[in-house]
Number of protein chains: 4
Amino acid sequence: MGKNTEKGTKSSATDTADTTDTDTTGTPRRRQARGERRISQLLAAAAGVFCRTGYASASTNAIAREAGVSPGTLYQYFPNKEAIAVELGGQLLQRAHETHGQAFRPENLQRPLPELLDAVLDPVIAFNCENPAFWALMHGTGVPGIAQEHEELHAGLLARIEAVLRDFCPEASAHELAHISNMILGIFKSSLDLILAHEGEERAAYTAELKTVLLRYLEPMITTTPPR
Amino acid sequence: MGKNTEKGTKSSATDTADTTDTDTTGTPRRRQARGERRISQLLAAAAGVFCRTGYASASTNAIAREAGVSPGTLYQYFPNKEAIAVELGGQLLQRAHETHGQAFRPENLQRPLPELLDAVLDPVIAFNCENPAFWALMHGTGVPGIAQEHEELHAGLLARIEAVLRDFCPEASAHELAHISNMILGIFKSSLDLILAHEGEERAAYTAELKTVLLRYLEPMITTTPPR
Amino acid sequence: MGKNTEKGTKSSATDTADTTDTDTTGTPRRRQARGERRISQLLAAAAGVFCRTGYASASTNAIAREAGVSPGTLYQYFPNKEAIAVELGGQLLQRAHETHGQAFRPENLQRPLPELLDAVLDPVIAFNCENPAFWALMHGTGVPGIAQEHEELHAGLLARIEAVLRDFCPEASAHELAHISNMILGIFKSSLDLILAHEGEERAAYTAELKTVLLRYLEPMITTTPPR
Amino acid sequence: MGKNTEKGTKSSATDTADTTDTDTTGTPRRRQARGERRISQLLAAAAGVFCRTGYASASTNAIAREAGVSPGTLYQYFPNKEAIAVELGGQLLQRAHETHGQAFRPENLQRPLPELLDAVLDPVIAFNCENPAFWALMHGTGVPGIAQEHEELHAGLLARIEAVLRDFCPEASAHELAHISNMILGIFKSSLDLILAHEGEERAAYTAELKTVLLRYLEPMITTTPPR
DNA sequence: GATGAATGAGGATTCATTCAT
DNA sequence: TATGAATGAATCCTCATTCAT
């Protein structure tokens with residue numbers, strides 16, 4: 001596992017105060033850098049705690065302790081517990097989008113279905129294996145902000161899947177496409193649970209099985225070869 | 001404490017005019033009936049609240065309020081919040097088992113796969129549509145008692161699926177059977193989410209889609225016709 | 001959920017003299033000092049409330065209020081109500097033991113009985129007058145931890161009394177010694193009630209009377225002069 | 001509020017039966033007799049529960065259960081928990097007064113001190129051994145009503161002791177008499193604890209020891225032989 | 001009268017959040 | 001900024017007491 005927290009993203013949760021602070025001296029820059037580090041620290045801690053105990057029963061004090069700071073410090077960077085989840089979700093979401101952008105890039109989509117599945121699924125699965133907090137968060141927090149992020153994620157993936165699907169089955173109706181996409185996404189999610197719950201060979205086996213399911217589900221629908 | 005929840009008294013939730021509800025003395029039976037009603041009331045309220053807010057953030061006072069009683073009354077029937085969830089889960093679990101018993105009965109399993117899928121899936125889906133609190137509870141409560149019930153449910157379903165599978169694919173290894181069963185269950189669960197999230201035609205469409213997925217997934221594996 | 005068995009229970013009361021815990025900065029020491037003060041504050045408040053209303057009907061909120069802090073603060077230092085009583089009892093017990101150690105020191109025990117009674121009883125009575133919460137706590141809390149402390153206290157005193165007695169009445173049987181010691185302790189306790197219930201001259205009178213009782217009770221038993 | 005709670009507090013078991021509002025029919029008598037039985041039942045149950053758990057932690061439901069009746073029935077005879085204790089205390093108090101009347105009757109007081117102690121202490125000790133709830137109640141309930149009863153008891157005993165004392169030591173001052181009486185009572189109480197805490201031979205030994213203590217304490221004070 | 005279900009104020013305890021240092 | 005003590009509303013749960021039957 002380890003700490004894979006990138007910095008340099010947007011902190012955005014609390015930085016309204018330092019927008020106009022200083023332009024000339026170097027200190028604020030360093031200060032800001034330290035702030036970024038703190039935020040990463042806190043988000044990483046939050047990811048761990050959310051993963052372990054779930055959002056609802058994760059206490060801010062536990063997060064602060066895990067991050068090695070005091071609760072007061074936590075609240076210097078986040079206005080409340082929800083904001084931590086939203087920010088964490090947002091960051092992971094962005095990286096997920098990037099991953100999806102890579103996974104669904106045109107050269108992957110032009111291959112025959114079996115290769116396409118490999119090309120698309122492998123990086124997405126890898127991302128989720130490396131960021132197990134992602135699903136944990138996106139699932140059942142009950143937090144509106146997160147729910148919205150989940151929507152985004154869901155809608156984004158659905159759109160991508162539909163796009164691919166449209167290429168393969170040009171004559172499918174919009175409704176059919178929606179149903180199929182949702183099914184695909186659902187199958188993916190539940191398989192992901194299985195994949196994340198296992199390791200090594202088992203994990204590989206479930207990954208293979210997922211591809212088999214999708215392949216068999218989709219193959220009969222294909223009416224054209226992939227475009228281009 | 002509170003292991004006295006036999007079922008059986010389902011009589012006329014709406015009409016209080018049970019003229020024949022006393023065999024020897026009037027009071028005990030009526031008292032018992034009232035207690036049963038209270039328990040049902042409370043469990044129904046709990047189901048609603050758990051469904052809406054999740055187990056963790058459901059407060060006992062909220063459940064009591066939803067049931068239209070005082071917190072003290074709730075605690076007359078359940079020793080604590082957890083027990084409510086466990087009892088509710090237990091009751092639903094039992095009914096689920098009954099449903100599964102019906103769904104997986106031999107005459108259903110002897111048919112060809114498409115009909116088998118109809119025969120098995122339809123009642124299970126129906127049950128879940130009628131008891132939406134079931135999945136909500138079984139999912140992430142963090143309550144040991146529930147987790148165990150979930151285990152039971154999961155293991156029970158898995159065993160049933162494996163049994164069916166073994167008939168269809170006699171030469172599959174134990175590992176393969178386990179993987180396939182888990183995939184099937186996962187696909188079922190995620191489709192169930194979709195099904196529960198929709199109504200009417202959409203619901204039917206997703207149900208059909210689930211069957212399609214499973215049919216296409218399983219058909220190539222079948223090496224024998226079903227026994228007898 | 002709540003696995004925070006932290007400092008509260010075992011602050012151990014006497015470690016205020018830790019001169020070495022802060023060498024570099026002043027803050028930790030001030031913090032710790034504040035914590036110590038809070039604990040003392042809370043224990044003092046608890047002593048007052050326990051004294052006034054008894055352990056069972058003393059509410060933690062009342063203790064917090066008496067200490068001038070919020071309930072949450074109380075729980076920052078003590079995990080629960082019982083722990084307050086145990087800590088308070090423990091602290092007082094330790095001081096009692098010290099007092100007893102002084103009271104029963106050899107040079108006191110070598111004197112003739114009348115002087116011995118003065119030398120032993122006066123400091124013990126003084127201690128109890130200064131710490132009226134002591135008996136109040138040791139009496140009927142129903143708390144196991146306290147009961148154990150009470151046992152210790154009782155057994156300790158009994159042992160000391162028996163030791164003195166053995167010197168004075170070498171030929172008394174073990175049973176007789178036990179009976180006499182228990183009687184002495186009982187007489188002491190009941191007189192203490194009287195002493196604590198009065199002030200000034202009256203208190204002195206009861207103190208004198210206690211000594212008279214013991215003197216007359218014990219004198220006829222003495223068969224040797226005190227050792228050495 | 002004002003509903004039906006008239007009788008409860010002072011029914012007092014023995015004397016209300018004479019105030020009979022109905023003389024003609026048998027039913028009210030029987031009814032009243034049943035009421036008396038209920039009250040005795042409840043008081044006996046209360047005695048047991050108070051003895052076992054102390055007043056504060058005795059719940060009215062526990063008392064009702066011990067008495068084999070429903071909580072509602074308990075409240076038909078007593079307006080509240082305190083009243084039960086007060087009534088129980090009152091009844092025991094009365095019997096204690098009777099015992100004291102017997103113990104301190106003139107022919108006992110005219111004997112020489114050793115016999116007097118036997119004659120007075122033995123019945124009082126016996127009474128307390130047979131009614132262990134008495135001390136349990138009189139001790140630390142924190143209930144005003146009980147405290148008052150305790151006062152009565154205390155004052156009554158003190159007066160009797162002082163009366164005896166005055167006969168033996170005619171020239172003692174009022175203050176001295178008060179002090180000595182209080183000491184005697186205190187010694188008696190603490191010995192009683194010891195006596196009640198043991199059985200058989202041990203109990204006898206402590207009883208003997210109590211008499212020894214009092215004898216040695218009082219003998220030197222006697223300046224006259226008992227009157228008559 | 002008797003029952004036992006129902007009540008609800010009150011107590012112990014937690015935790016997101018604030019504030020003095 | 002960092003700290004961690006302090007806050008207090010909210011939660012679970014109890015029990016003396018009342019009320020419908």
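Naming: A, B, ... by sequence-line order, numbering from 1 per chain. When reading the values below, keep in mind they use all heavy atoms of this one structure, side chains included, and skip hydrogens, waters and symmetry mates.
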Whole-Å distance, A:Y77 OH to E:dA16 P, equals 20 Å

Value for CG (D:L43) from CD1 (D:I63), rounded to nearest 0.5 Å, stands at 9.5 Å

D:S70 has its side chain closest, among E:dT7, E:dG4, F:dT7, to E:dG4

Comparing D:V69 with C:E82, nearest DNA chain E nucleotide closer to 5' gives the residue D:V69

Closest heavy-atom pair, C:K81 versus C:A58, reported as atoms and distance to 0.1 Å, is NZ-O, 2.9 Å

Here the gap from A:I146 atom CD1 to A:E87 atom CD, rounded to the nearest 0.5 Å, amounts to 10.0 Å

A:Q41 atom CD is separated from F:dA2 atom C1', nearest whole Å, by 12 Å

Rounded to whole Å, CD1 of D:I39 lies from C1' of E:dA2 at a distance of 15 Å

When every non-hydrogen atom of D:N80 is compared with those of D:A83, the smallest separation belongs to OD1-N, 2.8 Å

Between B:A133 and B:C51 the two heavy atoms that sit nearest each other are CA-SG, 3.5 Å

In whole angstroms, the gap separating P of F:dA16 from CD1 of D:I84 amounts to 9 Å

To the nearest angstrom, the CD-P distance between B:Q76 and F:dT18 comes to 16 Å

Smallest heavy-atom separation, D:G145 atom then D:E82 atom, equals N-OE2, 4.0 Å

Between B:I84 and B:A46 the two heavy atoms that sit nearest each other are CG2-CB, 3.5 Å

OG1 (A:T60) and CZ (A:R65) are apart, to the nearest 0.5 Å, by 10.0 Å

When every non-hydrogen atom of D:A85 is compared with those of D:Y55, the smallest separation belongs to CB-CE1, 3.5 Å

Checklist entry - If only side-chain N and O atoms of C:T73 are considered, is one of them under 4.0 Å from the OP1 or OP2 phosphate oxygen of F:dA5? => result no

To the nearest angstrom, the CD1-C1' distance between A:I63 and E:dT17 comes to 13 Å

Atom pairs, protein N/O to nucleotides 9-11 of chain F N/O, distance under 3.5 Å:
none

A:F78 CZ to F:dA2 P, in whole Å, measures 13 Å

Each base of DNA chain E marked ( ) or [ ] if paired in-strand (Watson-Crick or G-U under 3.5 Å), | if paired to another strand and . if unpaired gives .||||||||||||||||||||

- Task: Please check the phosphate of E:dA2 (OP1 and OP2 only) for any side-chain N or O of D:R38 closer than 4.0 Å.
- Result: yes

Worksheet item: Taking only side-chain nitrogens and oxygens of A:Y75, does any of them come within less than 4.0 Å of OP1 or OP2 of E:dT18?
Response: no

Between OH of B:Y55 and C1' of F:dC12 the distance, given in whole Å, is 11 Å

